Visitor: 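Take this structure, written in structure tokens, and hold onto it; I'll ask about it next.
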There are 2 protein chains.
Amino acid sequence: MTERSVLNLKNMVPRTEQQYEQIREQKRDLILQAALELFADEGFHSTSISKIAKSAGISKGLMYNYFESKEALLKEIVISGFIDLTGTFDPNHDGILTTEELEFFINQTFETLKSNTKYWKLYFAIMMQPSVLKMFEDDFAKIIRSIFEMLEEYFRKKGYENPELESKLFGAILDGLAFHYVTDPSNFPIEEVKKTLINRYVRKH
Amino acid sequence: MTERSVLNLKNMVPRTEQQYEQIREQKRDLILQAALELFADEGFHSTSISKIAKSAGISKGLMYNYFESKEALLKEIVISGFIDLTGTFDPNHDGILTTEELEFFINQTFETLKSNTKYWKLYFAIMMQPSVLKMFEDDFAKIIRSIFEMLEEYFRKKGYENPELESKLFGAILDGLAFHYVTDPSNFPIEEVKKTLINRYVRKH
DNA sequence: TACTTTTGACCAAACGTTCAGTCAAAAAAT
DNA sequence: ATTTTTTGACTGAACGTTTGGTCAAAAGTA
């Protein structure tokens, strides 16, 4: 105590920075979680800042201590989620997709589909709204393009007749399955579908 | 004019009513078209009644002469569009899907995808918002269920190992392709994908 | 005149955002 | 040990704006 006061003559801090930082981070996560849930369930425009604040157990005003705006809040949720989602593709970042990596990616995708359904919902909703999508497409485009290039190369290596077509078909199938799953999870045989997909694209050829 | 008044003795406002009706119908279609376009591009909540009115070339107040509310307007667009879309499935309404009918349905689906992209966009956006979807799910559920039942029966008849799984996979693939097409039509090889799909599901087995 | 159609000013409600001020907690001074 | 000072998380009333919806009046048509 006396030590500190000697050491911190200039820096007069009532609560330690660490403490503040910890409180802030926890609360930030709380807000992000509440916002994701509401954005996914009710849509971006139908979800008011007040509703998010209430769901996170804080005041409306405090929201603006943590996030610059409602848009900035959405942006952080969507972009960080997208990076999480696509991060399991080509995990060693060598630009080449092996059979094992593709199987791993499919497995991971279905795993996040179950564990993070809310994010997938939000993602699909955003992809359908050009006025909102503009906020993200720069961030998305690069990642998506590189994924499709690697997929194409994978199918070429595997001897498919039309690799470009096959890569787009594969992407569409994966998104279609995800779409149907989030629309009605209880009636979708996700495990069997996953097996079928792996059999069709990984084991064969 | 004198001619007309002679011809219409009993009906005090006869031919005029016809004219009015025709004008009304035309204007209604104009509004529906403008609204579909805006709802699809900007989203339901971001599209104001004023914007639709301006786009249709009429006043805001007149909108309420043609539609009870903004919600009723959306409802009519979505439901009538959905009926149009699914009407080409089992066209003779005998509850049984033939090979030719399935091929016809796939062709029709891809045709509407190209000619009615805006509707598909709106449909996907709505499917992702439970709070909005509630307005429609009663109307959708019956149709969707019957389609999947017929698909399942089709695959059973064709000798597929797991018809239920296969029908859900087929539905997901079709929606996935539609989703990717409306997201970026210019980069999607829709014709080749259609051929591949028909080859895979109609010609084989 | 009798009618329908059309307009845009108007309303209450809800929105995102701001901000003056409160508070508990901890450091510093006593 | 006690008191004072300093901090930033936190609140909610208030703001300007936009919204879906209404309505009296004007315009058009017979």
Side-chain angles (χ1 to χ4, degrees), chain A residues 1-31 35 38-39 42-54 56-75 131-132 135, chain B residues 1-28 30-31 35 38-39 42-75 131-132 135:
Chain A
M1 197 191 200
T2 43
E3 249 182 322
R4 261 171 58 74
S5 57
V6 171
L7 286 166
N8 298 311
L9 290 178
K10 293 179 194 170
N11 196 359
M12 305 206 246
V13 193
R15 223 168 293 188
T16 61
E17 249 175 62
Q18 259 186 18
Q19 285 177 311
Y20 277 129
E21 203 47 53
Q22 201 184 335
I23 292 172
R24 279 189 71 84
E25 197 135 335
Q26 282 180 337
K27 198 137 285 185
R28 249 183 86 92
D29 284 348
L30 202 69
I31 297 172
L38 286 165
F39 285 159
E42 319 270 349
F44 177 66
H45 292 291
S46 302
T47 302
S48 66
I49 289 284
S50 307
K51 226 187 276 179
I52 301 170
K54 185 176 275 182
I58 61 167
S59 75
K60 197 205 280 207
L62 190 55
M63 293 285 298
Y64 288 86
N65 195 309
Y66 287 94
F67 297 94
E68 207 180 39
S69 65
K70 194 186 174 187
E71 235 182 54
L73 177 56
L74 176 70
K75 214 165 174 172
S131 56
V132 182
M135 290 167 55
Chain B
M1 201 189 195
T2 42
E3 252 183 316
R4 285 216 290 118
S5 55
V6 171
L7 282 168
N8 298 307
L9 291 177
K10 290 181 194 166
N11 205 342
M12 300 298 266
V13 211
R15 173 102 181 251
T16 338
E17 236 174 71
Q18 251 184 25
Q19 285 178 316
Y20 273 136
E21 203 47 54
Q22 201 184 336
I23 291 172
R24 272 191 75 82
E25 199 135 335
Q26 284 179 336
K27 196 144 286 185
R28 250 183 84 90
L30 202 70
I31 297 172
L38 286 165
F39 285 159
E42 317 270 349
F44 177 67
H45 292 290
S46 304
T47 303
S48 66
I49 290 282
S50 308
K51 224 188 273 179
I52 301 170
K54 184 176 275 183
S55 171
I58 62 169
S59 74
K60 181 181 173 177
L62 193 54
M63 291 286 297
Y64 288 86
N65 195 314
Y66 287 94
F67 297 93
E68 206 182 38
S69 67
K70 194 187 174 187
E71 234 183 54
L73 177 57
L74 175 70
K75 213 166 173 171
S131 57
V132 182
M135 290 167 56

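Bear in mind the structure is a predicted one, so any value in this text is a computation, not a measurement. Naming convention: chains lettered A, B, ... in sequence-line order (proteins, then strands); numbering from 1 in each chain.
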Visitor: Holding to side chain to side chain contact (heavy atoms under 4.5 Å, CB included), I want the full list of residues that pass it with A:Ser131, two or more places apart in sequence or in another chain.
Guide: B:Glu42
Visitor: What's the CD-C1' distance between A:Glu42 and C:dC15, to the nearest Å?
Guide: 16 Å
Visitor: Once you apply a heavy-atom cut-off of 4.0 Å, does B:Lys51 come out as touching a base, just sugar-phosphate, or nothing?
Guide: nothing
Visitor: Given atom CD of A:Gln26 and atom P of D:dC10, what is their separation to the nearest angstrom?
Guide: 11 Å
Visitor: Starting from C1' on D:dT18, measure out to CD1 on B:Ile49 and report it in whole angstrom.
Guide: 14 Å
Visitor: Show me the donor-acceptor pairs, under 3.5 Å and distance only, between side chains in residues 55-70 of chain B and residues at least two apart or in other chains.
Guide:
{"from": "B:Ser59", "atom 1": "OG", "to": "B:Leu62", "atom 2": "N", "distance (Å)": "3.3"}
{"from": "B:Asn65", "atom 1": "OD1", "to": "B:Arg24", "atom 2": "NH1", "distance (Å)": "3.1"}
{"from": "B:Ser69", "atom 1": "OG", "to": "B:Glu71", "atom 2": "N", "distance (Å)": "3.4"}
{"from": "B:Ser69", "atom 1": "OG", "to": "B:Ala72", "atom 2": "N", "distance (Å)": "3.1"}
{"from": "B:Lys70", "atom 1": "NZ", "to": "B:Phe44", "atom 2": "O", "distance (Å)": "2.9"}
{"from": "B:Lys70", "atom 1": "NZ", "to": "B:Thr47", "atom 2": "O", "distance (Å)": "2.8"}

Visitor: How many whole angstroms separate atom CD of A:Glu71 from atom P of C:dC15?
Guide: 17 Å
Visitor: Please list, chain by chain and in numerical order, all residues satisfying side chain to side chain contact (heavy atoms under 4.5 Å, CB included) with B:Lys75, sequence neighbours excluded.
Guide: B:Ile79, B:Met135, B:Phe136
Visitor: Rounded to whole angstroms, how far apart are CZ on B:Arg28 and C1' on C:dT5?
Guide: 16 Å
Visitor: Please produce a list of atom pairs where a protein N or O lies less than 3.5 Å from an N or O of nucleotides 15-17 of chain D.
Guide:
none

Visitor: Classify A:Thr47 by what it touches in the nucleic acid, base, sugar-phosphate, or nothing, heavy-atom distance under 4.0 Å.
Guide: sugar-phosphate
Visitor: What are the residues of residues 62-70 of chain B, sorted by number, that bring a heavy atom to within less than 4.0 Å of DNA chain D?
Guide: B:Tyr64, B:Ser69, B:Lys70
Visitor: A:Ser46: what forms a side chain to side chain donor-acceptor pair (under 3.5 Å) with it, not counting sequence neighbours?
Guide: B:His45
Visitor: Might you point out which heavy atoms bring B:Leu38 and B:Ile52 nearest each other, and give the distance in Å?
Guide: CD1-CA, 3.7 Å
Visitor: When rounded to the nearest 0.5 angstrom, what is the spacing between CZ in B:Arg28 and CD in B:Glu25?
Guide: 8.0 Å
Visitor: Looking only at the side chain of B:Ser59 (C-beta and beyond, no hydrogens), which of the listed nucleotides C:dT5, D:dA9, C:dT6 gets closest?
Guide: C:dT6
Visitor: Check whether the side chain of A:Lys60 and the base of C:dT17 form a donor-acceptor pair under 3.5 Å.
Guide: yes
Visitor: With DNA chain C as reference, determine whether A:Gly61 or A:Phe44 sits nearer its 5' end, using the nearest nucleotide of each.
Guide: A:Phe44
